Structure formats: structure tokens, C-alpha cells
2 protein chains.
Amino acid sequence: MPKTSQAAGLHRASLAKLNELDAALELMYYGWRGMTLEADDYLAKQGLSRSHHRILYVVARRPDIAIGALIEVLGISKQALNRPLNLLLERKLLTTQRAPEQHRSKLLRLTAAGQRIEQRASDHERKVMRQAFDRAGASGAAAWMAVMEAIADNN
Amino acid sequence: MPKTSQAAGLHRASLAKLNELDAALELMYYGWRGMTLEADDYLAKQGLSRSHHRILYVVARRPDIAIGALIEVLGISKQALNRPLNLLLERKLLTTQRAPEQHRSKLLRLTAAGQRIEQRASDHERKVMRQAFDRAGASGAAAWMAVMEAIADNN
DNA sequence: GGCTCAAGTCAACGTAGTTGACATGAGAGC
DNA sequence: GCTCTCATGTCAACTACGTTGACTTGAGCC
């Protein structure tokens, strides 16, 4: 079971800057933590963690996704998916059903309870983003998105 | 020992957007991966990983930091620090010396080899950031920083 | 010698992932 | 029915990274 709370890297450390871009590296690190901190706390209280949230998040946005496709999207092995997925099924946050035509694959869908938890966890993250975007204004938000796109596309 | 390469979440998944801010959540996720992917590959080739890089990064910017202070900055337990730190000492990427006045604490410092690895790993990350900033221009970069500050300060 | 603080170490555990091997369930073809 | 294939499920062993708790060692202080 996950922890209840985490003190890891809570306050940003004051480090000398060796390079002009060091601030950006650190902002990425602390930004990720800042966005996920409250959501992780909420999930921990539900006895869940980030990996469960990722599953719920994807299934919410791809209802009736097959397990193989879910593995693809998450980019993990089926063995790694196995445990968290079964927990979500046991807790009835997800349901499976055989496909109507393609009986070989099982389709996943959120239950009402699963939807609620997915939504609340994601809401914690969206709240952080919304506050930051509000402070930066529409043009600042657009610029942030553009920069993040460029970084993300660096595959 | 770490892996050599990782295919996890390589290409951004196409998910339906349930909420206006979903794109921002996903950009944060893929942005983090985009920034760290090449650096992690480089580190893996050196037989090191992200946790070693974090140690090297901090010590580079706080030469003569004591172990207790390093634990504070990293936000992990001394037991968790123990293994990666010892590896870095064995490999002579770091050195320790007793403090001149405060003999109780040991001060850490990078060796030339440690500096080289820290720099190359961070360079991979900075390269990604620089490209993104170049595309966005100075005002875009400033806006990105402002938004990330707001997110990071959400402790 | 005894107290304190910094550091080091050991054991047990939790979580998240990996690979490899193998079993099961459900069409599809002959 | 038998076999082949594909999707799914599961077992075992492993790695990496983190946790807590308990205990030791080293150094300085009184």
C-alpha cells in the first residue's frame, strides 16, 4: 500500500546555477512534483497510486479499450499492468466485457465509482494547472503549451 | 544495473479530451519524459541512473555539501542515499573529506570524472530545453518559466 | 567516561517495473 | 474434432528505488 504523504523535495532547494538553463531543469522537476503532489496524496488515501491513476485516466478517455491497446498506450509490459489492473477490477472501479464481434479481446470501461476517482484525482492536477494558467493569462498559457510541445516531441 | 533504453510512452497517445486542461496534464507527463529520455540513456550507458544524476547535480552546485544537507536537499532517507552514494564514491566520481572545523560531518565534492558525467548528463537535458526555448523565443521562454514557477510553488 | 551528533549499515518491507516461460480462452481453417 | 493463432492471464526471478526501525561507529564536547 502507498504512503499517506510524502515530504520528498517539498521545498525547492537553493542551488548555485552553473548554467543559464539550470533554472529550467529544476523547474521541470519541481513542476512535475507540484502538479502531482496533491493528486498522489488523494490517491494514497484511496489505497491507490500513480500507476492506477494512469490506467483510470486512459480508460476514461478511451472507453472500451482492449487490454492489449492499453498496454501499448501505457508503454509497460502486460505483467506490469497485471497487478494494478486486477486491483481496479476487484475494487469494481473498472469492468471488462468481451467484444461483441472480436470475442478474443476484453474491453475495459470505468464504473461510476471509477469515474469518480479518476475525475477527483485528475481534478487535483487540473486545479494546479488552472491556477498557474490564470496567473499567466491566455497568452502565457499558450506559450507554455508551445514550449512543452517542443520538449515532448523530443523523442 | 539500469536498462540501456526504454520504449515506455515513446509516442504520445491519442486520447479523447474529457476536459480542456487534459492536454496540459499530458504535456507535463510527456514533457518530463522528453527532457529526461536522452539523459537517462546516456546515464544507463555509464551504468548510472537518475538517482545518481540527482546526487551529482546537487553536489556540483553545492561543493562541500555535507551528507546530512544532501539528504535534506534530495528529500530522501539516508538509507536510500547510501547505495547510490557509495557507488559514486567507489567509482571515484565523488570524494569525501572531513570538514576542517566541523570534523563530525563529511563534505562531498565532485572529481574531474564526476564533473564530466554530471555535465554531459545535464547537457542532454539542457539541449532539449534550449531547442524548445529557441523555437518559442525569449518571451515564450519567460512565459514558460513563469507558469512553471506557479506550478512548482504549489506545495 | 558519558553525552551528542553525523554518518554508516543491516534487515524487512512496499511498489513499480523488467524478462522468460507457460497456461487458458476464443475464434478460424481444414 | 484438431490445430493454429491471437489475446489474455499468471508464475517465478530479478532490478531499482524508496521506506522504517534498530543498531554501530566516529568525532567532538563536558
Side-chain angles (χ1 to χ4, degrees), chain A residues 1-10 29 33 36 40-41 43-44 46-55 59 64-90 94-108, chain B residues 1-10 29 33 36 40-41 43-44 46-55 59 64-90 94-108:
Chain A
M1 288 298 141
K3 299 190 313 292
T4 319
S5 177
Q6 54 196 24
L10 251 184
Y29 179 81
R33 285 204 137 317
T36 55
D40 284 346
D41 263 24
L43 288 163
Q46 314 299 315
L48 302 173
S49 60
R50 188 129 293 274
S51 64
H52 303 104
H53 185 203
R54 276 202 304 245
I55 296 171
V59 177
D64 287 333
I65 190 174
I67 293 190
L70 179 57
I71 285 168
E72 274 269 305
V73 171
L74 294 175
I76 60 175
S77 62
K78 68 178 167 178
Q79 295 91 329
L81 179 62
N82 196 31
R83 257 173 201 261
L85 182 60
N86 277 333
L87 180 64
L88 295 174
L89 289 169
E90 277 168 30
L94 281 182
T95 53
T96 72
Q97 77 176 61
R98 289 282 172 186
E101 280 304 301
Q102 253 290 85
H103 274 236
R104 293 210 255 225
S105 41
K106 278 189 184 174
L107 308 185
L108 297 168
Chain B
M1 288 297 143
K3 298 189 310 291
T4 319
S5 178
Q6 54 196 25
L10 251 184
Y29 179 80
R33 285 204 134 320
T36 55
D40 285 345
D41 263 23
L43 288 163
Q46 314 301 315
L48 301 174
S49 60
R50 188 127 294 274
S51 63
H52 303 105
H53 185 202
R54 277 201 304 244
I55 296 171
V59 176
D64 288 333
I65 189 174
I67 292 189
L70 179 57
I71 285 167
E72 273 269 304
V73 171
L74 294 175
I76 60 175
S77 62
K78 68 178 167 179
Q79 295 93 329
L81 179 61
N82 196 30
R83 256 173 201 261
L85 182 60
N86 277 333
L87 179 65
L88 295 174
L89 289 169
E90 276 168 31
L94 281 182
T95 53
T96 71
Q97 76 176 60
R98 289 281 173 187
E101 279 303 300
Q102 254 288 89
H103 274 233
R104 293 209 257 225
S105 40
K106 278 189 184 174
L107 307 186
L108 297 167

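Every value quoted in this text rests on a predicted model; they were computed, and no experiment measured them. Just so it is clear: chains get the letters A, B, ... in the order the sequence lines come, proteins before strands, and each one is counted from 1.
- Residue Lys106(B) places at least one side-chain N or O closer than 4.0 Å to OP1 or OP2 of dG8(C).
- Residue pairs meeting the salt bridge (charged side-chain N to carboxylate O under 4.0 Å, His left out) criterion with at least one partner in residues 46-55 of chain B, sequence neighbours excluded, are Asp40(B)-Arg50(B), Arg50(B)-Glu125(B).
- If Ile71(A) and Pro84(B) are placed on DNA chain D by their nearest nucleotide, the residue sitting closer to the 5' end is Ile71(A).
- Between dA16(C) and Ser51(A), a contact under 4.0 Å exists linking OP1 or OP2 to a side-chain N or O.
- Nearest nucleotide to the Ser49(B) side chain, out of dG26(D), dC17(D), dG18(D): dC17(D).
- Which of dT19(D), dA7(C), dC22(C) sits closest to the side chain of Lys78(B) comes down to dA7(C).
- Side-chain atoms of Gln79(B) stay outside donor-acceptor range of the base of dG18(D), with no qualifying N/O pair under 3.5 Å.
- At the phosphate of dG17(C), OP1 or OP2 sits under 4.0 Å from a side-chain N or O atom of Arg54(A).
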Point to revise | Verdict with reasoning, Leu88(A) to Val59(A), per side chain to side chain contact (heavy atoms under 4.5 Å, CB included) | key: CA-CA 12 Å; Leu88(A) 295 174; Val59(A) 177; over 6 Å; no
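- Atom CD1 of Ile65(B) is separated from atom P of dA7(C) by 10 Å (rounded to the nearest Å).
- Contact detail for Leu94(A) and Leu89(A): the closest heavy-atom pair is O-CD2, 3.4 Å.
- Taken to the nearest 0.5 Å, the CG atom of Leu74(A) stands 6.0 Å off from the CD1 atom of Ile55(A).
- Distance, Arg83(B) CZ to dT15(D) P: 10 Å, rounded to whole Å.
- Using a 4.0 Å heavy-atom cutoff across all strands shown, Ser77(A) reaches at least one base atom of the nucleic acid.
- Atoms CG (Leu88(B)) and C1' (dC17(D)) sit 14 Å apart, rounded to a whole Å.
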Solution key, residues 76-84 of chain B side-chain donor-acceptor pairs under 3.5 Å, sequence neighbours excluded:
from: Ser77(B); atom 1: OG; to: Ala80(B); atom 2: N; distance (Å): 3.2
from: Asn82(B); atom 1: OD1; to: Asn86(B); atom 2: ND2; distance (Å): 3.1

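- For Asn82(A), no side-chain nitrogen or oxygen approaches OP1 or OP2 of dA16(C) to under 4.0 Å.
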Distances for protein N or O near nucleotides 4-6 of chain D N or O, under 3.5 Å:
from: dT5(D); atom 1: O2; to: Arg104(A); atom 2: NH1; distance (Å): 3.1

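- In this structure, Glu90(B) atom CD and dT9(C) atom C1' are separated by 14 Å, rounded to whole Å.
- Annotation: the span from Asp64(B) atom CG to Leu108(B) atom CG amounts to 8.5 Å, rounded to 0.5 Å.
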Practice item. Output, in order, the C-alpha distance, side-chain angles, deciding distance and verdict of side chain to side chain contact (heavy atoms under 4.5 Å, CB included) for Gln97(A) and Lys106(A). Key: CA-CA 5 Å; Gln97(A) 77 176 61; Lys106(A) 278 189 184 174; over 6 Å; no
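- Going from atom CG of Leu74(A) over to atom C1' of dG17(C) covers 13 Å, rounded to whole Å.
- His52(A) has its NE2 atom 6 Å from the P atom of dA16(C), to the nearest Å.
- In this structure, the CG atom of Asn86(A) is 7 Å from the P atom of dG9(D), given to the nearest Å.
- Atoms CD1 (Ile76(B)) and P (dG8(C)) sit 13 Å apart, rounded to a whole Å.
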